Structure formats: C-alpha cells, structure tokens
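Taking it in order: structure first as structure tokens, then the write-up.
Predicted, not measured: the structure shown is a model, and the values here were computed from it. First listed ligand is number 1; within each ligand, the first listed atom is number 1.
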Amino acid sequence: MGEVDETFIQDPEHRPCLSIIEAEDIPLIDLSPIITSSSSSNPKAIKEVVKQIGSACKEWGFLQVINHGVPVETRHKLDTAVREFFKLPLEEKRKVRRDESKVMGYYDAELTKNVRDWKEVLDFVVKEPTVVPASPYPDDKEVTQWYNQWPEYPPQFREACEEYNEQVVKLGLKLMELIAMSLDLPANRFHGYFEDETSNLRINYYPPCPSPHLALGLGRHKDGGALTVLAQDDVGGLEIKRKTDGEWIRVKPIPHAFVINISNILQVWSNDRYDSVEHRALVNSEKERLSIGLSLNPAHYTLVKPLEELTDEQNPPKFRPYSWGKFMTHRKLTNFKKLNIDNIQIDQLRILE
Ligand code: OGA
Ligand code: NI
C-alpha cells in the first residue's frame, strides 16, 4: 500500500487534504512599536499591540510576528548551517545521534501518537547544561544535566545556533511580557519562571515524500512548553486546527516572520483563557522543507498551575498542579519507546466539573 513503509501511514481520519483551502489567515502582528521604542515612549502603540496579541491568543492560539528584532543575518546563518548538516551522509549525522543517555542530538525515527513522522530532527537545549529531574517518578528527587552534542560539520554550526537561541529567547521573553499585559498582569509576571529555563531548540528537516497524502511530516500534537517561536521556510506545510470549527488551516509562510503559538503551560497558567492549539506539518513530493522551533520552557522545579490572579470562586482552577520537570522527563522517555498509550496530555490534568 503506497510507496512508504506502513509505519508512516496515518489512519484515514488523520490523513491530510492536499488541496489548499483558501481561508482566512492567522493574525499578523507588527512588533515595531515594542522593538524600536522604550516601553514608556509610546504607550498608545504598545497598548494596541497588546490588544492584538490578546485577541490572537484568545481566538487562534497562533499568530505571526514581523519587525520582531531578530536580525535577518542571525536566522540566515543558522538556516545555511542546518541545510549543510542535513545534506551530510547518514553515518556523519548519526555521530550526534540522540539516545536514552544523550537525549539531545540527531534523530530520524520519531513517532507522534505512535505513527512515524517523515522527518529528521536535531534537538538542542538553550542553556548548557540544563538541569532536569533524573526520572519521571514523583518521589525521586535526583536531578541530572542535559548537554548538547554539537555536529563537527559544518564548523560554524554551534556559533550560529547559540546566536540564534540568544536572540530568539529574547524575543520569546518579550512576547511573554505582552501576553502578561494582555491578561492584565504586570509585564514581568512570568520572568521568574525562566531564570533557570529549560528551553529547547527543535530543528525539523522534512525530506520530499513519495506519499504526502498518506504520511505526515509531523503528526497532530500540542506543544508542551509555555510558548513556541517557529521559523518556517518558504515551502509551507504547517497546519493548525481552527478553534471555531476544527478545520485544518494552512499557515502561509511570510518571509522573515516568526510563527508564535501558545503552548500547554500558558494554557494552564491562563486557566483556559488561552488555548494550546493542535497543529501538524504536511510534506510534499517535490521539495524538502525546514522549520526551526524554539520552545520557551520554565525551570524544571516549576509547579505549573492556574495563576492565582486569574482564578477566584466564580472561576476556579481548571487544572491540577503538575511538575514541569517530571512532565518533561516523562515525555523524553516515551520518545524512545513505542508505547501502547499516548503521551501524557494536559487534558488528563483537567479538574472535572
Ligand atoms: C514542532 C512543530 C511545525 C512545523 O516542531 O513542534 O509544530 O511546521 N513544527 O514544522
Ligand atoms: Ni509543534
């Protein structure tokens, strides 16, 4: 059946529709008032941006930003290095292969909801080393450290990646300020959570696929962190599930823009005011596609729960508290094993009414 191995084939209800539906786009927000002026100099323009961010988060869970302050050159350098890396022979790429003891690095056999993704990935932590729990077991207090495995080729890879991470984390934290303001919280409300951040960079390389109607580059999922900042190239393939009707909507690539999405932790912090929306990536039979996602994640010891300022008797907490570090180690472990159960989802932490 088809021309791809059956491990890649999606159940019929999850197969993509390849004819592009012309639909409204996710909101595009110009951040120049934030980036070019100090926050006191143009309060009216900033208020307007905060308003746009708030309605995009509420209605879509997704948005794109332009004039975001990340230099074009920073992005270009990483893009070039990454394309060179993925062209290397498999045995060279596998020198930085990730496994159960070295969890960052190259991987070419990832599963999403137990179906294989048509992609190769590279994972890095932003802070080296990143301190995390040693195991997912709640009573085990031991911690461990995650290190990166830097490719030897191309030689400029590490520098390009570190520069990119620094710039994009800065943008991510700026966005967290705008999101805080959109929830009527102080701009710096979230900063403390990220002092010992566990943020990570995920580079997705999707080779051309002979059966793009049967397989997906990345199966439907929600992101686990607080916020994701994604750079996609001009090929296109990212789809998000529209909140109003559950339709899959293609996100149009815009040169130099970043796609931003609310991830699970922000959904919990905001007590469902903002949703973490399901998304997936399609492949095509002609072109390779590259996307680079930075997930902004809090310290491992963060107990994630609805913010007290956003809950009261009329609006009680909708989620049970959970340990971010334990959640993350559980996810990492299930990455290496084909399990009979899905990954833990935040909906399992929902308090039933
Ligand atoms: C991700 C992701 C989308 C894309 O890496 O979590 O959703 O377009 N990527 O590659
Ligand atoms: Ni994602």
What do we get for Thr228 next to ligand 1 when only non-hydrogen atoms under 4.0 Å count, side chain, backbone, both or neither?
-> neither

Under-4.0 Å heavy-atom contact with ligand 1, by part of Arg280 that carries it = neither

Looking only at N/O atoms, are Asn204 and ligand 1 under 3.5 Å apart anywhere?
-> yes

Any N or O of Arg289 closer than 3.5 Å to N or O of ligand 1 = yes

How wide is the angle at the Ni ion (ligand 2) between NE2 in His279 and NE2 in His221, to the nearest 10°?
-> 90°

Which is the closest N/O/S atom of Asp223 when seen from the Ni ion (ligand 2)?
-> OD1

Identity and separation of the nearest protein heavy atom to atom 3 (C) of ligand 1 = Leu238 CD1, 3.8 Å

Ranked by distance from atom 2 (C) of ligand 1, the top protein heavy atom is Leu218 CD2, 3.3 Å

So does Lys58 have more than 12 non-hydrogen atoms from other groups sitting under 6.0 Å from NZ?
-> no

Above 12 or not: heavy atoms from other molecules or residues under 6.0 Å from CD of Glu313?
-> no

Looking only at side chains, do Tyr106 and Glu120 share a donor and an acceptor under 3.5 Å apart?
-> yes

With no hydrogens and no angle check, do the side chains of Gln149 and Arg97 hold a donor and an acceptor under 3.5 Å apart?
-> no

Side-chain ion pair, Lys95 and Glu152, N-O less than 4.0 Å | no

So, Arg94 and Asp108, do they make that salt bridge, N to O below 4.0 Å?
-> yes

Could you tell me which atoms of ligand 1, counted from 1 in the order shown, lie closer than 4.0 angstrom to a heavy atom of Tyr206?
-> 4 (C), 10 (O)

Cation-pi check, Arg158 to Phe124: give yes when NZ or CZ is under 6.0 Å from the six-membered ring centre and within 45° of the ring axis, no otherwise.
-> no

For ligand 1, is His279 a contact, meaning one of its heavy atoms is under 4.0 Å away?
-> yes

Does at least one non-hydrogen atom of His221 fall below 4.0 angstrom from an atom of ligand 1?
-> yes

Centres of the Phe190 and Trp269 rings: under 6.0 Å?
-> yes

